[in-house]
> 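My questions all concern the structure below.
Basis for what follows: all heavy atoms, side chains included, without hydrogens, waters or symmetry-related copies.
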Amino acid sequence: MKYIARSLEKVIEEVTKEYPVVLVTGSRQVGKTTMLQKLMEGTSRNYVSLDDLNERNLAKTDPQLFIELHKPPVLIDEVQYAPELFTYIKIYVDSHYEAGDFWLTGSQVFKLMKGVQESLAGRVAVLPMTTLSQAEISGVQTSPLKIDLSELQTREKSRKQMDAQEIFERIFKGSMPGVVSGQNTNSRIFYSSYLSTYIERDVKELSNAIDSLKFLRFITAVAARCSQMLNISDIAQDADINQRQAKDWLHILETLGIIFYLHPYSNNLLKRLVKTPKLYFYDTGLVCYLTKWTSAAVLESGAMNGAILENYVVSEIAKTYLNSGIEPAMYYYRNKDSKEIDIVLEQDGELNPLEIKKTSNPGTELTRVFSLLDKASVPRGKGAIVCMKPSVGAIDRDNYIIPIWII
């Protein structure tokens, strides 16, 4: 299986020189362990996985002995299974304080993992890892997307151009390393076993009262609503569960790093007219599998093409930040008349509005909605239409055209 270099490698090497603990979080099968084991090659770092039930039992019942047996520098895999370790890692770190002593991985989102924040505050660098970005698949290092003409032109030169058909092929195939690397040639078989082997097991770990068939119905209902404002009652109705269950199960999908939310932008001058977040998946291959599209061509002309394309663009932009070790300041905006801006990026003291369209020939009318941000206390910077146009362009001096393939 061909190893695909990850943009996060550089960030890990940097923070390993500064922090005693580095925690890489992200959903199952995104390549956390593979990447860290690659970085370990030729070093004296030890490795232990808490997927091993004997090791997990020791870590939970005698964490001090566990650390004596697996002396730093060490990589501890799937650390969420033994939160008891965190206090003992803190004790070890406070008495030795050696940069890079502990590398940890966890298949849960850090802010939702129990025990890490209390024990390791100030001692841990937390790096979320997602499925592969289109830049990584193309073999290029990425940087956060900035709405700046010269930066966009530089990006354009480093990438291989893709047409609409190729973009939808990538959307349909998904961005799981197991599929992209060619290890699993049939993405449908991969996602079927991914759901039954990993998601189901991890879901039961977090909530043992889950009926597998109901959960499959639920996650399918969630996938059918990607890129939409969250409507818990509709999801609950489709999945034949109550709203409390739907809320709990959404929390589990977020905890496992399967879904994420864009929250509405607001500041003191732009009243938060909408409080509901919009829901996205990190991996569009999983969405296509759950919503039963049979090929990229059928998807491209199908009823969900706009929603799944939007999901793809939003997740790709988020990945450009996360892969650089930066939490993205990404929002959407919607006013009382239901006028909406797909993405608002807040960076360098400005707001950059972005619209996502399937067109390859965007017109000026698409940028009119950007004036919704003119009353904000943060100045509006350059805007952009992210679309199928084959090259970087401009609608006018304030609004650029960004091809989806250069994100």
> Mark yes when over 12 heavy atoms from residues, nucleotides or ligands other than Q165 sit less than 6.0 Å from its CD; otherwise mark no.
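It does not: Q165 CD has 12 such atoms or fewer within range.
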
> Under the ring pair (Phe, Tyr, Trp, His ring centres under 6.0 Å) rule, what pairs show up with a residue in residues 217-236, not counting sequence neighbours?
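Only F215-F218, F218-W249 qualify under ring pair (Phe, Tyr, Trp, His ring centres under 6.0 Å).
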
> When rounded to the nearest 0.5 angstrom, what is the spacing between NZ in K336 and OG in S338?
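Answer for the NZ-OG pair, K336 versus S338, is 10.5 Å.
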
> Would you call R170 and E316 a salt bridge, using N to O less than 4.0 angstrom?
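No salt bridge links R170 with E316.
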
> What are the two closest non-hydrogen atoms of L8 and E136, and how far apart are they?
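Looking at all heavy atoms of both residues, the closest pair is N-OE2, 4.5 Å.
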
> In the structure I gave you, are the side-chain heavy atoms of I308 and I171 within less than 4.5 Å of one another anywhere?
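Yes; the side chains approach each other to less than 4.5 Å.
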
> Which pairs count as salt bridge (Lys or Arg N to Asp or Glu O under 4.0 Å) when at least one residue sits in residues 212-225, sequence neighbours excluded?
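Matches after skipping sequence neighbours: R225-D238.
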
> Tell me if a side-chain donor or acceptor on N311 pairs with a main-chain N or O of C226 at a distance below 3.5 Å.
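Checking the backbone N and O of C226 against the side chain of N311, no donor-acceptor pair under 3.5 Å is found.
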
> With a 3.5 Å distance limit and no angle check, can you tell me whether T320 reaches the backbone of P144 through a side-chain donor-acceptor pair?
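Side chain of T320 to backbone of P144: no pair is present.
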
> Please tell me if the side chains of T87 and P63 come closer than 4.5 Å, counting only heavy atoms from C-beta onward.
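No - every pair of side-chain heavy atoms lies 4.5 Å or more apart.
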
> May I ask you to test the Y289-L195 pair for a side-chain heavy-atom distance under 4.5 Å?
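The answer is yes; the side chains approach within 4.5 Å.
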
> Taking the ring centre of each residue, are F260 and Y282 less than 6.0 Å apart?
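Ring centres of Y282 and F260 closer than 6.0 Å.
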
> Is Y280 close to L262 at the side-chain level, that is, under 4.5 Å between some pair of heavy atoms?
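L262 vs Y280: side chains touch.
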
> Could you walk me through whether L104 and V24 pass side chain to side chain contact (heavy atoms under 4.5 Å, CB included), step by step?
CA-CA 6 Å; L104 312 174; V24 179; over 6 Å; no

> Do you know the tightest heavy-atom contact between R334 and E340?
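Heavy atoms only, the tightest pair is NH1-OE1, 2.6 Å.
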
> How long is the straight-line distance from CG of L290 back to SG of C288, given to the nearest 0.5 Å?
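Reported value, rounded in 0.5 Å steps: 9.5 Å.
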
> Between V392 and I406, is there a side-chain heavy-atom distance shorter than 4.5 Å?
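I406 reaches V392 side chain to side chain.
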
> Could you tell me which non-hydrogen atom of R6 sits nearest to which non-hydrogen atom of P177, and how far apart they are?
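Where R6 meets P177 most closely, the heavy atoms are NH1-CG, 3.8 Å.
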
> If you take the centroid of each ring, where Trp contributes its six-membered ring, are F102 and Y92 closer together than 6.0 Å?
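Aromatic pair counts; centres sit under 6.0 Å.
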
> Return yes if a side-chain donor-acceptor contact under 3.5 Å exists between S175 and D283, otherwise no.
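A pair is found: one side chain offers a donor N or O, the other an acceptor, under 3.5 Å apart.
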
> Kindly give the heavy-atom pair with the smallest separation between A224 and M304, and that separation in Å.
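Nearest pair, atom of A224 first, then M304: O-CE, 3.8 Å.
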
> Which ring pair (Phe, Tyr, Trp, His ring centres under 6.0 Å) pairs, counting each pair once, include a residue from residues 304-331, with sequence neighbours left out?
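Listed by first then second residue: Y265-Y331.
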
> Rounded to the nearest 0.5 Å, how far apart are OG of S295 and CZ of F168?
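Rounded to the nearest 0.5 Å, the OG-CZ separation comes to 11.5 Å.
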
> More than 12 heavy atoms of other residues, nucleotides or ligands under 6.0 Å from CZ of F66: yes or no?
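Atom CZ in F66 is crowded, with more than 12 foreign heavy atoms closer than 6.0 Å.
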
> Please find the pair of heavy atoms, one from L345 and one from L145, that lie closest to each other, and give the distance.
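Closest approach of L345 to L145, heavy atoms only: CD1-O, 4.1 Å.
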
> Is any side-chain heavy atom of M330 closer than 4.5 Å to a side-chain heavy atom of H263?
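SC-SC contact between M330 and H263 ruled out.
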
> Please check: side-chain N/O of S192 versus main-chain N/O of R188, any donor-acceptor pairing under 3.5 Å?
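Judged by distance alone, no pair lies under 3.5 Å.
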
> Filter on side chain to side chain donor-acceptor pair (under 3.5 Å), then keep only pairs touching residues 352-368, sequence neighbours left out; what's left?
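Listed by first then second residue: Q347-N352.
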
> To the nearest 0.5 Å, what is the distance between CG (D52) and CG (N57)?
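If we round to the nearest 0.5 Å, D52:CG and N57:CG are 10.0 Å apart.
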
> Start with the C-alpha gap between E310 and V313, add the side-chain angles, then the distance that decides, and say whether side chain to side chain contact (heavy atoms under 4.5 Å, CB included) holds.
CA-CA 5 Å; E310 180 183 327; V313 171; 5.9 Å; no

> Quick one: closest heavy-atom pair of L75 and Q37, and the distance?
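Shortest heavy-atom separation between L75 and Q37 comes out as CD2-CG, 4.2 Å.
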
> Show me the donor-acceptor pairs, under 3.5 Å and distance only, between side chains in residues 380-391 and residues at least two apart or in other chains.
residue: R380; atom: NE; partner: F370; partner atom: O; Å: 3.4
residue: R380; atom: NE; partner: D374; partner atom: OD1; Å: 2.8
residue: R380; atom: NH2; partner: D374; partner atom: OD1; Å: 3.1
residue: K382; atom: NZ; partner: R397; partner atom: O; Å: 3.0

> Counting C-beta onward and ignoring hydrogens, is there a side-chain heavy-atom pair between L39 and E9 closer than 4.5 Å?
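A side-chain contact under 4.5 Å exists here.
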
> Looking only at the side chains, is there a donor atom on one of Q153 and E151 sitting less than 3.5 Å from an acceptor on the other?
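Distance-only check fails for Q153 and E151.
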
> Go through D248 and R244 one step at a time and tell me if the salt bridge (charged side-chain N to carboxylate O under 4.0 Å, His left out) criterion holds.
CA-CA 6 Å; D248 289 348; R244 175 80 223 161; 3.0 Å; yes

> Is there a donor-acceptor pair under 3.5 Å between the side chain of S49 and the backbone N or O of D51?
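Between the backbone of D51 and the side chain of S49 there is a qualifying donor-acceptor contact (under 3.5 Å).
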
> Find the distance between CD (Q141) and CG (N323) and round it off to the nearest 0.5 Å.
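Rounded to the nearest 0.5 Å, the CD-CG separation comes out at 9.0 Å.
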
> Might you work through the side chain to side chain contact (heavy atoms under 4.5 Å, CB included) test for T16 and R45, ending with a clear yes or no?
CA-CA 12 Å; T16 295; R45 189 174 296 275; 4.2 Å; yes

> Run through I76, V15, V79 and flag the one making a side-chain contact (heavy atoms from CB on, under 4.5 Å) with L23.
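Answer after filtering I76, V15, V79: V79.
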
> How about M35 and I12: do any of their side-chain heavy atoms sit closer than 4.5 Å?
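The answer is yes; the side chains approach within 4.5 Å.
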
> Has D337 got a side-chain atom pairing as donor or acceptor with K339's backbone, closer than 3.5 angstrom?
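Absent.
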
> Check the pair T105, D77 against side-chain hydrogen bond (donor to acceptor under 3.5 Å, both in side chains), reporting the backbone distance first and the verdict last.
CA-CA 5 Å; T105 77; D77 225 347; 2.4 Å; yes

> Of T255, L230, I219, I258, which is the lone residue that meets side-chain contact (heavy atoms from CB on, under 4.5 Å) with L250?
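One option only clears the test, and that one is L230.
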
> Thinking salt bridges, do R28 and E78 make one under a 4.0 Å N-O criterion?
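Yes, R28 and E78 are salt-bridged.
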
> Would R159 and W405 count as a cation-pi pair here, with the cationic atom under 6.0 angstrom from the ring centre and within 45° of the axis?
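No, a cation-pi geometry is absent between R159 and W405.
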
> Side chains of K319 and T131: is there a donor and an acceptor less than 3.5 Å apart?
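Checked: K319/T131 side chains pair up, N/O donor to acceptor below 3.5 Å.
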
> Sequence neighbours left out, what pairs pass salt bridge (Lys or Arg N to Asp or Glu O under 4.0 Å) with at least one residue falling in residues 83-92?
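Qualifying pairs: K60-E84, K90-D94.
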
> Go through the steps to decide whether T33 and Y47 satisfy the test side chain to side chain contact (heavy atoms under 4.5 Å, CB included), and finish with yes or no.
CA-CA 10 Å; T33 310; Y47 171 79; 3.8 Å; yes

> Out of curiosity, Q108 CD to E254 CD, how far, rounded to the nearest 0.5 Å?
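One gets 12.0 Å once the value is rounded to the nearest 0.5 Å.
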
